[in-house]
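Worksheet for the structure shown next.
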Amino acid sequence: MCQECGCGSGGGDVKIGAHAHDHEPPHGHEQGHEHHDHGHAHSHAHGVMTLNLNRSLMEKNARLAERNRGFFRAKKLLVLNVVSSPGSGKTTFIRETAAMLGARLRVGVIVGDLATDNDAARLRTAGIPVVQITTGTVCHLDADMISKAAAQLDLDQLDVLVIENVGNLVCPADYDLGEDLRVVLLSVTEGEDKPLKYPPMFHSANVAIITKSDMADAAGFNRDLTLINLQRVSHHARIFELSAKTGDGMKAWLDFLVQQRAAV
């Protein structure tokens with residue numbers, strides 16, 4: 001997972017909205033992901049002693065995520081963390097979700113990307129309030145980034161906050177952002193075995209959405225096998241099948257969001 005992959009090693013600035021922040025990843029990217037056996041002391045050459053403390057590398061992020069969650073709940077916001085591999089259709093899905101909800105729920109978005117603000121620009125053309133997080137070499141969003149980005153939105157004018165995470169099915173699985181629901185997207189063009197290849201992400205999801213259903217026949221999509229694999233790994237998740245492009249299946253998803261928001 002992200003503790004071992006080396007993402008963001010060497011540092012770099014994270015840009016949030018119009019501001020740049022020196023980002024210190026909570027799991028120690030700046031230390032080159034050096035790992036030790038927890039709870040033990042090791043002697044090294046020249047009498048150097050390394051004392052390893054048995055503390056979670058994710059402790060800082062977990063603490064900030066709980067703070068985010070409490071703040072969002074006080075604002076009566078339903079918060080979604082939308083995750084997927086690149087090209088699954090996240091941005092179109094979020095844009096159409098916000099547009100179709102119309103007057104029922106007001107939606108704002110935080111978008112995470114390594115380099116560009118293309119997705120944020122696409123969302124803004126639909127009149128959706130958006131804050132962009134450009135992560136540089138960091139392949140996930142974390143709770144501190146979300147806290148800073150949310151401060152640039154008028155949360156009192158929103159009912160739903162959607163976080164479009166960086167396109168990656170590995171590292172974002174480790175990071176609680178303070179969301180109510182983790183939503184993982186799987187497009188019909190990606191292959192039926194995606195849940196088996198990335199079990200931590202799919203297992204951590206509260207909702208699994210099969211996207212681009214209008215392309216299923218052309219892609220030779222095996223729906224039955226996909227559902228079997230999802231139920232095997234994401235057996236607790238609510239599953240939706242839809243096409244944001246045609247609108248097929250979107251009503252069930254929108255009704256679900258309205259119900260979830262009412263319960264906040």
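Note that the structure is a prediction, hence the values are computed from the model and not measured.
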Nearest 0.5 Å, please: how far is [atom2] in [Y] from [atom1] in [X]?
X: M250; Y: L257; atom1: CE; atom2: CG; result: 8.5 Å
X: L169; Y: K194; atom1: CG; atom2: NZ; result: 5.5 Å
X: K15; Y: D113; atom1: NZ; atom2: CG; result: 13.0 Å
X: R63; Y: E59; atom1: CZ; atom2: CD; result: 6.0 Å
X: L225; Y: L196; atom1: CG; atom2: CG; result: 8.0 Å
X: C171; Y: D142; atom1: SG; atom2: CG; result: 12.0 Å

Any residue meeting salt bridge (Lys or Arg N to Asp or Glu O under 4.0 Å) with [X], in chain and number order, not counting sequence neighbours:
X: R223; result: E241
X: D156; result: K75
X: E192; result: none

Exercise for review: Could I get the full list of side-chain hydrogen bond (donor to acceptor under 3.5 Å, both in side chains) partners for Q231, not counting sequence neighbours?
Suggested key: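 Expected list: none.
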
Check your understanding: What residues, two or more places apart in sequence or in another chain, satisfy side-chain hydrogen bond (donor to acceptor under 3.5 Å, both in side chains) together with R122?
Key ->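 side-chain hydrogen bond (donor to acceptor under 3.5 Å, both in side chains) check on R122 returns T92.
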
Point to revise | side chain to side chain contact (heavy atoms under 4.5 Å, CB included) between D176 and E66, worked out | key: CA-CA 8 Å; D176 182 3; E66 281 306 308; 4.1 Å; yes

Under the rule for side-chain contact (heavy atoms from CB on, under 4.5 Å), what residues qualify as partners of [X], not counting sequence neighbours?
X: D217; result: none
X: V166; result: L114, T135, L141
X: A143; result: N61, L64, A65, N68

Do [X] and [Y] have side-chain heavy atoms sitting under 4.5 Å apart?
X: V14; Y: M145; answer: yes
X: R232; Y: P195; answer: no
X: I210; Y: F240; answer: no
X: V264; Y: F72; answer: no
X: R261; Y: K76; answer: yes
X: S234; Y: H203; answer: no
X: L230; Y: I228; answer: no
X: P129; Y: L158; answer: yes

Give the cluster check for [X] versus [Y]: same hydrophobic cluster or not, with ILVMFWY residues linked at side-chain heavy-atom distances below 4.5 Å.
X: L242; Y: V160; result: yes
X: I133; Y: L80; result: no
X: F256; Y: L227; result: no
X: L153; Y: V82; result: no
X: L78; Y: L105; result: yes

Check your understanding: So, the side chain of T226 versus the backbone of N222: is there a donor-acceptor pair under 3.5 Å, distance only?
Key ->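 Such a contact is found between T226 side chain and N222 backbone.
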
Practice item. Sequence neighbours left out, what pairs pass salt bridge (Lys or Arg N to Asp or Glu O under 4.0 Å) with at least one residue falling in residues 78-106? Key: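 Sorted result for residues 78-106: R104-D255, R106-D159.
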
Review point. What salt bridge (Lys or Arg N to Asp or Glu O under 4.0 Å) pairs are there with at least one residue in residues 197-215, not counting sequence neighbours?
Key: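 For residues 197-215, and leaving out neighbouring residues, the salt bridge (Lys or Arg N to Asp or Glu O under 4.0 Å) pairs sorted by first residue read D193-K197.
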
Residue pair [X] / [Y]: nearest heavy atoms and the distance that separates them:
X: M100; Y: A244; answer: CE-O, 4.3 Å
X: R67; Y: S147; answer: NH2-OG, 4.0 Å
X: A237; Y: A205; answer: CB-O, 3.6 Å
X: I128; Y: A98; answer: CD1-CB, 3.6 Å

Check your understanding: Taking V162 as the fixed residue, which of V130, V107, L123 is the one that meets the side chain to side chain contact (heavy atoms under 4.5 Å, CB included) rule?
Key ->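 Per the side chain to side chain contact (heavy atoms under 4.5 Å, CB included) rule, the option paired with V162 is V107, out of V130, V107, L123.
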
Check your understanding: Which of these passes side chain to side chain contact (heavy atoms under 4.5 Å, CB included) with E164: V83, T91, I110?
Key ->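 Looking at V83, T91, I110, the match for E164 under the side chain to side chain contact (heavy atoms under 4.5 Å, CB included) is T91.
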
Mind listing the side-chain donor-acceptor pairs of residues 179-187 below 3.5 Å, one per line with the distance, residues two or more places apart or on another chain?
unit_1: E179; atom_1: OE1; unit_2: L177; atom_2: N; d: 2.9
unit_1: E179; atom_1: OE2; unit_2: N81; atom_2: ND2; d: 3.3
unit_1: E179; atom_1: OE2; unit_2: R182; atom_2: NE; d: 3.4
unit_1: D180; atom_1: OD2; unit_2: V79; atom_2: N; d: 2.9
unit_1: R182; atom_1: NH1; unit_2: A173; atom_2: O; d: 3.0
unit_1: R182; atom_1: NH1; unit_2: S204; atom_2: OG; d: 2.8
unit_1: R182; atom_1: NH2; unit_2: Y175; atom_2: O; d: 3.0
unit_1: S187; atom_1: OG; unit_2: T189; atom_2: OG1; d: 2.9
unit_1: S187; atom_1: OG; unit_2: E190; atom_2: OE2; d: 3.1

Review point. According to the ring-ring contact (aromatic ring centres under 6.0 Å, His included) rule, which pairs have a member within residues 212-234, sequence neighbours left out?
Key: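 ring-ring contact (aromatic ring centres under 6.0 Å, His included) check on residues 212-234 returns no pairs.
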
